[in-house]
Amino acid sequence: MAKKPNKTKALPIHILNGPNLNLLGSREPDIYGKTSLADIEKACRARAKSHGFSILFDQSNKGGELVEMIQRARTAAAAELVNAAAYTHTSVAVLDALKMLTAPVIEVHLSNPARRENFRHTSYVAMGATGTIAGFGLNSYLLAIEAVAALLKDKKA
Ligand code: DQA
């Protein structure tokens with residue numbers, strides 16, 4: 001009898017972006033550069049594809065929506081990349097949601113918060129993350145995809 005085709009598809013990598021990141025490109029370009037969020041999405045999609053992954057790329061200015069997106073990732077994501085933007089430094093709700101994930105979580109920032117104002121030195125997201133990549137602009141996202149691809153390959157092996 002012919003074998004049934006294997007329909008198991010790898011889950012996508014979820015990439016979540018928090019408040020004000022929709023305005024990248026025009027928002028404080030001296031800090032965040034001139035790359036738009038759409039440019040970041042395009043580059044992430046290509047890099048993930050080169051490792052055999054698809055992505056789900058999302059942005060919200062609302063904390064509750066970010067929590068709901070993270071909750072959905074519990075069963076729907078191979079890994080979670082999260083740039084929670086300002087919520088990084090304030091949101092226990094985002095941290096609690098991240099703690100429910102069993103998939104790898106990478107905290108991502110375009111800038112390096114450790115070099116900035118004191119209030120940016122606290123990260124609630126870091127407490128729920130596998131690791132953090134910050135300070136490399138668009139490349140922070142691409143390096144996070146590299147990290148996740150390596151982690152998932154190690155898991156499979
Ligand atoms: C940011 C850093 C945060 O401190 C800030 O609130 C942001 C962007 C970054 O990507 O560098 O909105 O997450």
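Remember, it's 1-based here, ligands and their atoms both numbered in the order they're listed.
- Within the 4.5 Å cutoff, no side-chain heavy atoms of Lys42 are placed close to those of Cys44.
- Side chains of Glu41 and Leu37 form no contact here, defined as non-hydrogen atoms less than 4.5 Å apart.
- Taking only non-hydrogen atoms, the option from Glu117, Arg120, His89, Glu28 nearest to atom 5 (C) of ligand 1 is Arg120.
- When each of Leu21, Val94, Ile70, Asn83 is tested with Leu16 by the rule side chain to side chain contact (heavy atoms under 4.5 Å, CB included), just one qualifies, namely Ile70.
- Using a non-hydrogen distance threshold of 4.0 Å, Glu107 does not register as a contact of ligand 1.
- Between His109 and His89, the ring-plane angle classifies as parallel under the 30° and 60° cut-offs.
- Minimum interatomic distance between Tyr141 and Leu81 (heavy atoms only, all atoms of both residues): O-CD2, 3.9 Å.
- Counting heavy atoms from C-beta on, the side chains of Ile106 and Val82 never come closer than 4.5 Å.
- At under 3.5 Å, a nitrogen or oxygen of Ala86, whether backbone or side chain, sits near a nitrogen or oxygen of ligand 1.
- Not close to ligand 1: Thr88, with no non-hydrogen atom less than 4.0 angstrom away.
- Among protein heavy atoms, atom 11 (O) of ligand 1 sits closest to Ser111 OG, 2.6 Å.
- Using modelled atom types, one finds no donor on one side chain facing an acceptor on the other under 3.5 Å when comparing Glu107 with Thr88.
- Scanning the protein for heavy atoms near atom 7 (C) of ligand 1, the closest one is Tyr32 OH, 3.4 Å.
- If you number the atoms of ligand 1 from 1 as listed, the ones under 4.0 Å from a heavy atom of Arg27 come out as 7 (C), 12 (O).
- Nearest protein neighbour of atom 1 (C) of ligand 1, counting heavy atoms only, is His109 ND1, 3.6 Å.
- Among Asn20, Asn17, Leu110, the residue whose heavy atom lies nearest to atom 9 (C) of ligand 1 is Leu110.
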